[in-house]
Number of protein chains: 2
Amino acid sequence: MNTELKDYLKKKNLKATKNRITILKYINKRRDPFSAEDINKDLMDQNPINLSTIYRTLNIFLDNDILQKVAEIDGVLYYQKLQENHQHQLICTECKAVVPIENCPIAEWKDSLEKMTGYQIASHHLELRGLCPNCQRKK
Amino acid sequence: MNTELKDYLKKKNLKATKNRITILKYINKRRDPFSAEDINKDLMDQNPINLSTIYRTLNIFLDNDILQKVAEIDGVLYYQKLQENHQHQLICTECKAVVPIENCPIAEWKDSLEKMTGYQIASHHLELRGLCPNCQRKK
DNA sequence: GTTATTGCAAACAATTTGCACCCAC
DNA sequence: GTGGGTGCAAATTGTTTGCAATAAC
C-alpha cells in the first residue's frame, strides 16, 4: 500500500512514516497553494496530524525539493508542489482562489534588463491580484 | 520648522505630531525598502520612537496613500514611499542593494491574461533577484 | 536496538491592542 | 478643554523548539 510514495521518500533518504505519506498525498492532490493550517484542517477528520509535525514536514519537503514556497500573505506562508516549469500565481483578492499562470513575459525581458543594470539576474517572483469571475458577479 | 511636512499631513487630515513628522522625514529620505524595525533602530539615537507607535503610524500612512507595502520576507513587512509611477525592485542577493525598475512588461501582458483567465487584474507585484556588478567581481 | 520522528507544551518574533497619560488643535 | 496620539505592557498569531515517548529501519 502506497508503495510508490514510500519509494519516492526513500529515494530522497527520508523515512517513510505514516504522517509523511499522508501529507505527501495531500500535496500531490492539491493544484493550488496551501498553508500549514489548510493541511491541518483538511486532514483533521481522517488523519489528524499535529501542527508542529506539519510544519516540520513542510520544511523537510522544502529542503528536499518536494515543495516550494509560493507566497507569504498576511504573515502566512503558502506552499505548492515543486513545479518543473516556471510559473506564477494570479490570486483573487476576495475569495483567495488561485490560478497558476504558465507563460511569463519576464524571460524575454531579462536580457535587456541585465544590459541596462549590469545585474546578473538569477530569479524573479511575480504575483498578480484581482477579482475572479465569480467575485466580479457578486459586486 | 518642517512647515512643508506639517502642511502635507494636515492636507491628509492627519494631526502633525512630532513622531509623524520624524517618520515622514525618514520615509522621504530612504529610497530602498525598510521595515518597522529599521525605523526603530535608525531613529534610536536622535528621536527614539516606540515600536507600537511606528507600527501604528505605518498603518495610518498606508491608509492615506503615503506608503506602500513592497514585500513580506521571513515574516517581516517592508515598506516604501508610495511611488507615483509604477515600479519594481531588482535586489542583489549578496549585498541587498536595490535598483528600482521603471518600465515593466506586465502592463502589455495584462489584457491577454484577463481574457484567458476571466480575472479582472487589479495589481501585481514583481521582485527580481540577482548579483549586482560589484558582487559579481568579488566572486 | 538505535535513531529519527512525533505530540505536546512552551518559546519565539512580528505585529496589534487596551488603557492611562499627554499633546496638538 | 477635548479627542486623538503615544508609551507601555499584555495579547495575538504563525511558526519553531525542547523533551520524553514512540515508531521506522
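Below, read A as the first sequence line, B as the second, and so on, with proteins coming before strands; counting in each chain starts at 1.
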Side chain of A:Asn47, backbone of A:Asn19: donor and acceptor closer than 3.5 Å?
no
How many Å lie between [atom1] on [X] and [atom2] on [N], as a whole number?
X: B:Ile21; N: D:dT6; atom1: CD1; atom2: C1'; result: 15 Å
X: B:Ile54; N: D:dT6; atom1: CD1; atom2: P; result: 11 Å
X: A:Ile39; N: D:dG14; atom1: CD1; atom2: P; result: 15 Å
X: B:Lys12; N: C:dA24; atom1: NZ; atom2: P; result: 22 Å
X: A:Leu58; N: D:dT16; atom1: CG; atom2: C1'; result: 13 Å
X: A:Ile73; N: D:dT15; atom1: CD1; atom2: P; result: 12 Å
X: B:Tyr79; N: C:dT15; atom1: OH; atom2: C1'; result: 8 Å
X: B:Leu51; N: C:dA14; atom1: CG; atom2: P; result: 9 Å

How many angstroms lie between OG in A:Ser35 and CD in A:Glu72, if you round to the nearest 0.5 Å?
12.5 Å
Nearest of C:dT6, C:dC8, D:dA24 to any side-chain atom of A:Thr53?
C:dT6
Residue-phosphate contact under 4.0 Å: [X] side-chain N/O, [N] OP1/OP2:
X: A:Thr17; N: C:dA4; answer: no
X: B:Tyr55; N: C:dT16; answer: no
X: A:Arg56; N: C:dT6; answer: no
X: A:Asn19; N: C:dG7; answer: yes
X: A:Lys15; N: C:dT6; answer: no
X: B:Asn50; N: D:dC8; answer: yes

Do B:Phe34 and B:Tyr26 have ring centres separated by under 6.0 Å?
yes
Proximity of A:His88 and B:His124 rings by center, below 6.0 Å:
no
For A:Asn13 and B:Ala16, find the nucleotide of DNA chain C closest to each by heavy atoms; which residue's nucleotide sits nearer the 5' end?
A:Asn13
5'-most by nearest nucleotide on DNA chain C - B:Gly75 or B:Leu14:
B:Gly75
Only residue of B:Gln80, B:Glu127, B:His125 satisfying side chain to side chain donor-acceptor pair (under 3.5 Å) with B:Gln89 is B:Gln80
State whether the distance check finds a donor on one side and an acceptor on the other, under 3.5 Å, for side chain A:Ser52 versus base C:dA9.
yes
